[in-house]
Amino acid sequence: MADTRDIELTVNGESRTGTVETRTSLGDFLRHGLDLTGTHMGCEHGVCGACTVLVDGEAVRSCLMLAVQSNGHEITTVEGLAEDDGTLSALQEAFWKHHGLQCGFCTPGMLTSLSAFLRENPDPSERDVREAISGNICRCTGYQGIVDAALDAAKTMRKGS
Amino acid sequence: MKPAPFTYHDPITAGEAVSLLTKFEDAKVLAGGQSLMPMLNMRFVVPDHVIDLNRIDGIAGIRDGGDTIEIGAMTRQRDLMRNQVIATKAPIIGEALNWVGHFQTRNRGTIGGSLCHLDPAAELPCLMALYDAMLTLHGPSGPRQVPFAEWPLAYMLPSIGPDELLTGVSVPYWEGNTGHGFVEFARRHGDFAIVAVAALLTVDGGKITRAAISIGGADVHPIRLTEAEAALVGAAPNAAAFKAAAENARGIETMSDAYVTSAYRQRLAATLVERALSAAASIANENV
Ligand SMILES: Cc1cc2nc3c(=O)[nH]c(=O)nc-3n(C[C@@H](O)[C@H](O)[C@H](O)COP(=O)(O)OP(=O)(O)OC[C@H]3O[C@@H](n4cnc5c(N)ncnc54)[C@H](O)[C@@H]3O)c2cc1C
Ligand code: FES
Ligand code: FES
């Protein structure tokens with residue numbers, strides 16, 4: 001018989017519950033249990049970064065965490081980065097402006113990772129940004145647009161605060 | 001690419017975790033999951049039971065023990081990097097952690113997980129070798145201590161029983177006018193090292209009074225360059241002394257793999273030893 005647990009967590013500000021098989025990853029639970037398909041599963045062994053979400057504000061690989069381990073925690077996915085009325089965050093806006101995405105597969109992981117990174121590093125150098133996304137693989141853009149977007153977003157956010 | 005079914009346990013004390021390990025034949029403990037989860041996902045490891053340490057109280061945290069830093073096994077790599085005791089007493093640990101995976105993996109990955117996984121190229125085991133750290137294990141018959149030198153038995157095989165838990169690490173920090181150097185060569189930032197070198201030097205009155213050099217990635221577990229360390233003590237911290245240590249590193253046993261030959265690792269070790277020692281000396285000189 002499958003080993004299951006009931007869990008209760010907060011996802012993008014909303015309280016959610018679910019019954020999960022204990023071997024289910026947080027990423028699969030978000031996608032299949034909660035229909036939040038913004039989080040992308042790529043390599044499922046921690047290398048590509050596409051599945052990155054925020055757990056209690058910190059960026060983590062959702063393929064390397066079990067759904068059951070998120071019980072009682074607060075999760076933010078790419079769906080939770082914009083304002084409630086749909087207004088894009090400064091970072092999302094900058095991705096749009098600088099062509100920070102093409103196919104969009106890596107984008108949820110880039111946005112969640114960089115959101116956490118910029119919160120702690122409001123004035124990063126280009127090198128800092130490249131190091132921050134060293135664990136996020138993009139096969140389309142060549143990274144330049146992503147780096148430009150992150151630096152531009154940092155600037156906008158510094159002005160805003 | 002999904003784990004095979006297992007039964008999940010989330011004990012809240014270390015004692016409870018040890019009882020579960022004793023009770024079940026085929027159990028794996030889950031720390032940060034940054035190495036175990038990939039192995040579960042790929043079904044390289046197919047345990048019947050997974051014992052999650054993440055809810056256990058009292059085995060995470062960093063404390064100044066007077067002449068040691070006491071670190072709980074479940075302390076996240078990220079917390080080591082943010083810690084003031086480490087930044088002042090053993091700054092090389094925080095610096096080297098920049099090389100351990102990526103900030104997202106460091107948010108979950110623990111020091112205990114890295115020491116138990118014991119990848120030959122992992123940075124934390126290399127540092128624990130450098131400091132002659134003391135590991136504390138808990139098993140059914142109580143706690144025992146293992147000096148790091150006796151921890152690696154073979155390739156990725158630490159000296160830990162199937163019913164034992166690593167609970168903490170004690171890192172004796174260096175007093176006096178000490179400098180450190182950590183240098184690593186990897187294909188890309190965040191990859192495991194091909195070779196990494198960590199060095200500590202204490203300098204007093206223009207002479208080296210204490211030296212330690214640890215090399216990761218070269219062999220199946222970290223190695224200390226004890227001969228070169230002994231030769232450095234009493235010498236002036238200058239280029240000639242560091243060159244001699246580098247020559248000693250060129251002679252170490254190294255492994256070959258599909259990407260990198262043993263001879264290349266020896267050359268890297270020599271170059272990186274020289275760089276790590278120069279970096280350590282320049283910090284020690286600044287401190288004078
Ligand atoms: C993309 C990526 C890049 C990485 N790059 C690096 C790198 O450059 N350098 C590096 O060093 N590491 C690297 N790692 C691995 C590192 O992130 C892991 O943190 C570390 O190897 C294992 O720590 P963990 O806490 O995640 O342990 P887990 O994965 O949970 O456990 C690892 C092993 O140790 C055992 N174990 C864990 N804790 C205990 C304990 N307290 N007592 C007994 N047994 C225990 C587990 O049963 C398991 O066998 C990388 C990982 C990823 C995903
Ligand atoms: S799917 Fe999680 S890192 Fe690739
Ligand atoms: S936009 Fe296609 S992978 Fe990055």
Side-chain angles (χ1 to χ4, degrees), chain A residues 1-5 7 20-29 32 41-73 109-110 112-117 120-121 127-128 130-137, chain B residues 1-10 12 24 28 30-56 74 76-79 81-82 97-110 113 117 186-192:
Chain A
M1 221 188 53
D3 185 41
T4 61
R5 290 273 181 107
I7 60 170
V20 294
E21 210 183 323
T22 51
R23 63 168 163 155
T24 306
S25 71
L26 173 60
D28 277 341
F29 171 66
H32 303 292
M41 307 308 283
C43 66
E44 294 181 86
H45 61 268
V47 174
C48 74
C51 69
T52 307
V53 300
L54 308 182
V55 177
D56 302 328
E58 306 265 31
V60 307
R61 307 288 204 225
S62 69
C63 68
L64 300 187
M65 200 173 144
L66 297 169
V68 56
Q69 294 180 305
S70 69
N71 189 27
H73 293 276
M110 290 287 182
T112 48
S113 297
L114 284 168
S115 297
F117 170 75
E120 271 187 55
N121 305 274
R127 197 193 155 89
D128 297 336
R130 288 189 183 274
E131 202 170 305
I133 58 168
S134 65
N136 295 76
I137 293 173
Chain B
M1 296 293 283
K2 312 286 175 192
F6 52 71
T7 306
Y8 174 81
H9 308 267
D10 51 351
I12 52 170
F24 298 118
K28 260 285 177 200
L30 176 61
Q34 304 302 295
S35 296
L36 182 57
M37 282 294 299
M39 295 190 294
L40 290 172
N41 285 350
M42 292 190 273
R43 302 198 180 187
F44 290 155
V45 181
V46 189
D48 292 334
H49 298 271
V50 167
I51 300 167
D52 188 350
L53 305 182
N54 284 279
R55 291 185 60 211
I56 296 180
M74 279 301 287
R76 311 270 174 206
Q77 292 154 6
R78 154 58 65 100
D79 294 326
M81 294 176 82
R82 289 171 171 171
L97 275 160
N98 276 309
W99 296 88
V100 177
H102 312 282
F103 81 99
Q104 302 98 327
T105 67
R106 295 190 293 261
N107 279 336
R108 295 287 300 168
T110 64
H117 189 62
R187 291 282 304 277
R188 289 163 306 193
H189 187 90
D191 281 6
F192 278 98

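- Using bins of under 30°, 30° to 60° and over 60° for the plane-to-plane angle, the ring pair B:His49/B:Phe24 lands in the parallel bin.
- Most heavy-atom pairs under 4.5 Å with chain A, from the set B:Pro5, B:Gly101, B:Ser35: that is B:Pro5.
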Would you be so kind as to tabulate the donor-acceptor pairs closer than 3.5 Å made by side chains of residues 42-49 of chain A, with sequence neighbours excluded?
| residue | atom | partner | partner atom | Å |
| --- | --- | --- | --- | --- |
| A:Glu44 | OE1 | B:Lys2 | NZ | 2.6 |
| A:His45 | ND1 | A:Cys43 | O | 3.2 |

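- Between chain A and the residues B:Asn98, B:Asp10, B:Leu36, the largest count of heavy-atom pairs under 4.5 Å involves B:Asp10.
- For chain B, no part of A:Met41 is nearby; none of its heavy atoms comes within less than 4.5 Å.
- Contact annotation for B:Arg55: neither backbone nor side-chain heavy atoms come within less than 4.5 Å of a heavy atom of chain A.
- Put simply, the side chain of A:Glu131 reaches to within 4.5 Å of the side chain of B:His189, judged on heavy atoms.
- Contact of B:Leu30 with chain A is made through the side chain alone, with heavy-atom distances under 4.5 Å.
- Residues B:Arg108 and B:Asn54 form a side-chain contact, since some pair of their non-hydrogen atoms from C-beta on lies under 4.5 Å apart.
- Heavy atoms closer than 4.5 Å to chain A are found in the side chain of B:Thr105, but not in its backbone.
- Proximity of A:Asn121 to A:Asp128: side-chain heavy atoms (C-beta onward) are nowhere separated by under 4.5 Å.
- A distance of 11.0 Å separates CD of A:Glu58 from CD of B:Gln104, quoted to the nearest 0.5 Å.
- When heavy atoms are compared at a cutoff of 4.5 Å, A:Arg5 approaches chain B solely by way of its side chain, counted from C-beta outward.
- Heavy atoms of A:Thr52 lying under 4.5 Å from chain B belong exclusively to its side chain.
- Heavy atoms of B:Asp191 lying under 4.5 Å from chain A are absent altogether.
- Counting heavy atoms from C-beta outward, A:Ser70 and A:Val55 have side chains that stay 4.5 Å or more apart.
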